[in-house]
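Data block below; observations after.
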Amino acid sequence: MHVVGAVLPDRVEVFDLVIGLQVFAAARLADGTKAYEVRVCGNGATTAMTRGQPSFGMRPSWSPSALENADTVLVPGGQPPHHAEQWVLDRVRQAAERGARIASLCTGAFTLAETGLLDGQRATTHWLACAELAERYPNIDVDPAVLFVDHGSVLTSAGSAAVMDMCLHMVRNDYGAEIAADTARYLVMPLQRDGGQAQFIPRIPRPTDRSALQPVLEWIEHNLERPLAQTEIARAAGLSVRSLQRHFQDQLGTTAQQWLLHARLDRARQLLETTELSIDQVAEASGFGTAVTLRRHFTSNVGTAPRAYRNAFR
């Protein structure tokens, strides 16, 4: 049986750990037997954290030595995320050296980074922590836009829901699509969200000085369904096109047309998540005009097609 061992660091972010373990515990083979043996391994009692707040005490059922024959090692984040205990680093390095698959859960990527396993690799973590990960470990290519990154022997995932996506992806790799689909149905989760799909994060930058561009930004959002040329936006702002672009660059770090594109994408995502409008109607209401144009921009920026995105919320 495939053994999945999870390290239990002090002050562990418990939700990421539990939902990752739940995917493997739920997986069943065609004859109904368990697909994985799941072990939680640690040095003793620890405090479970929920969004950085202490919640309750935990005690592992297995000692760290139980990781020695684990086929997959899960590494959840602790608090603070950049602090990794030495025994965790040692066990993860040992597991990697003997060929085990190593997967970080959310901010567990900081632990993998400390081991050196991510040097020269693309990796991800929760979008709020990506800048800190990149700053602390400049040898890592941190991608804040994806759900998970799979290098075969080393995987990293984004926030909590993406942990489930990554673990289901590993089940699919281990036992095939049918077992993964059965597991997803049991957990009442989408059958598949590809790792390249974007993390669901706010994409429209806002000015720090709300008195500056705020009126024209609100005007744009109220007129998204219309074709909006730069000249019309500049006229609404009472500026020349050149001055408009300078204000956008200075205050938002982007152009007016790029801000408009992301505003349209956010409107399209909101409509896909919350309404029954057809794809053509969503394209019209968000200002893309046609489903073809919506699909091209949406797939390029979000990493998945509009219909697939909508299905993930069903």
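Residues take their numbers from the sequence shown, with the count starting at 1.
Between Thr111 and Pro9, the closest side-chain pair of non-hydrogen atoms is not below 4.5 Å. Residues Arg264 and Leu228 form a side-chain contact, since some pair of their non-hydrogen atoms from C-beta on lies under 4.5 Å apart. Arg172 places a side-chain heavy atom less than 4.5 Å from the side chain of Leu168. In this structure the side chain of Met49 reaches within 4.5 angstrom of the side chain of Pro54, judged on heavy atoms. The side-chain heavy atoms of Phe288 and Leu265, taken from C-beta on, include a pair separated by under 4.5 Å. A heavy-atom distance below 4.5 Å is found between the side chains of Arg267 and Gln270. Looking at Val7 and Pro76, their side chains come closer than 4.5 Å, going by heavy atoms from C-beta outward.
Leu260 contributes atom CG, which lies 10.5 Å from atom CD of Glu221 (distance to the nearest 0.5 angstrom). Considering OG1 of Thr299 and OH of Tyr309, their distance stands at 13.0 Å, rounded to 0.5 Å. If you take CZ on Arg11 and CD on Gln53, they are separated by 9.0 Å, rounding to the nearest 0.5 Å. Here Leu29 contributes atom CG and Lys34 contributes atom NZ; the two are 12.0 Å apart, rounded to the nearest 0.5 Å. Taken to the nearest 0.5 Å, the CG atom of Leu118 stands 10.5 Å off from the CG atom of Asn139. To the nearest 0.5 Å, the span separating CD on Gln86 from CD on Glu114 amounts to 8.5 Å.
Considering every non-hydrogen atom in both Thr275 and Arg310, the closest pair reads O-NH2, 3.0 Å. For the residue pair Pro144 and Thr124, the shortest heavy atom distance occurs at CA-OG1, 4.3 Å. The two atoms that bring Ser160 and Asp16 nearest to each other are OG-OD1, 2.6 Å, heavy atoms only. Gln22 and Leu187 make their closest contact through CG-CD2, 3.5 Å (heavy atoms, listed as atom of the first residue, atom of the second, distance). Here the closest non-hydrogen pair linking Cys106 and Thr125 is O-OG1, 2.9 Å. Across every non-hydrogen atom of Leu244 and Ile233, the tightest pair is CD2-CG2, 3.8 Å.
Here the rule is side-chain hydrogen bond (donor to acceptor under 3.5 Å, both in side chains) with Arg122, and of Thr156, Asp143, Asp141 only Asp143 fits it. Of the residues Val216, Leu213, Leu252, the one that meets the side-chain contact (heavy atoms from CB on, under 4.5 Å) test with His247 is Leu213. Under the salt bridge (Lys or Arg N to Asp or Glu O under 4.0 Å) test applied with Glu68, the options Arg39, Arg91, Arg98 reduce to a single match, Arg91.
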Requested in this report: With side-chain contact (heavy atoms from CB on, under 4.5 Å) as the test, would you mind laying out the steps for Tyr186 and Arg28 before giving the verdict?
Outcome: CA-CA 10 Å; Tyr186 177 81; Arg28 293 293 186 272; over 6 Å; no

Requested in this report: I would like to know whether Leu272 and Phe298 meet side-chain contact (heavy atoms from CB on, under 4.5 Å); could you show each step before the answer?
Outcome: CA-CA 11 Å; Leu272 290 168; Phe298 202 90; 3.7 Å; yes

**Report entry** Residue pair Val171, Tyr36: steps toward the side-chain contact (heavy atoms from CB on, under 4.5 Å) verdict
**Finding:** CA-CA 9 Å; Val171 173; Tyr36 299 91; 3.7 Å; yes

Requested in this report: Output, in order, the C-alpha distance, side-chain angles, deciding distance and verdict of side-chain contact (heavy atoms from CB on, under 4.5 Å) for Leu8 and Arg59.
Outcome: CA-CA 9 Å; Leu8 187 66; Arg59 184 174 293 277; over 6 Å; no

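Counting heavy-atom neighbours within 6.0 Å of Phe15 CZ, excluding the residue itself, gives a total of 12 or less. Around CD of Glu284, the count of heavy atoms belonging to other residues, nucleotides or ligands within 6.0 Å does not exceed 12. More than 12 heavy atoms of other residues, nucleotides or ligands sit less than 6.0 Å from atom CZ of Arg226.
In terms of modelled atom types and a separation under 3.5 Å, the side chain of Ser157 and the main chain of Ser104 share a donor-acceptor contact. Judged by distance alone, the side chain of Gln245 and the main-chain N or O of Ala256 form a donor-acceptor pair under 3.5 Å. The backbone N or O of Ile179 sits less than 3.5 Å from a side-chain atom of Thr183, completing a donor-acceptor pair. The backbone N or O of Leu112 lies less than 3.5 Å from a partner atom in the side chain of Thr115, making a donor-acceptor pair. Between the Glu85 side chain and the Asp10 main chain, a donor and an acceptor come within less than 3.5 Å of each other.
Both Val154 and Phe110 sit in one connected hydrophobic cluster of ILVMFWY residues. Membership requires side-chain heavy atoms under 4.5 Å apart, directly or through other members. Under a hydrophobic clustering in which Ile, Leu, Val, Met, Phe, Trp and Tyr are joined whenever their side-chain heavy atoms come within less than 4.5 Å, directly or via other members, Trp62 and Val18 fall into different clusters. The hydrophobic clustering, which links ILVMFWY residues whose side-chain heavy atoms are closer than 4.5 Å, places Met170 and Leu17 together. A single hydrophobic cluster is not seen to contain both Phe148 and Ile140; linkage of ILVMFWY side chains at heavy-atom distances under 4.5 Å, directly or through other members, places them apart. When the side chains of ILVMFWY residues are joined at heavy-atom separations under 4.5 Å, either directly or via intervening members, Val75 and Val14 end up in two distinct hydrophobic clusters.
Counted by atom type alone, Asp280 and Ser278 present zero donor-acceptor pairs between their side chains at under 3.5 Å. Looking only at atom types and distance, the side chain of Asn173 has a donor-acceptor partner in the side chain of His169 under 3.5 Å away. Under 3.5 Å, the side chains of Thr72 and Arg101 contain a donor-acceptor pair of N or O atoms.
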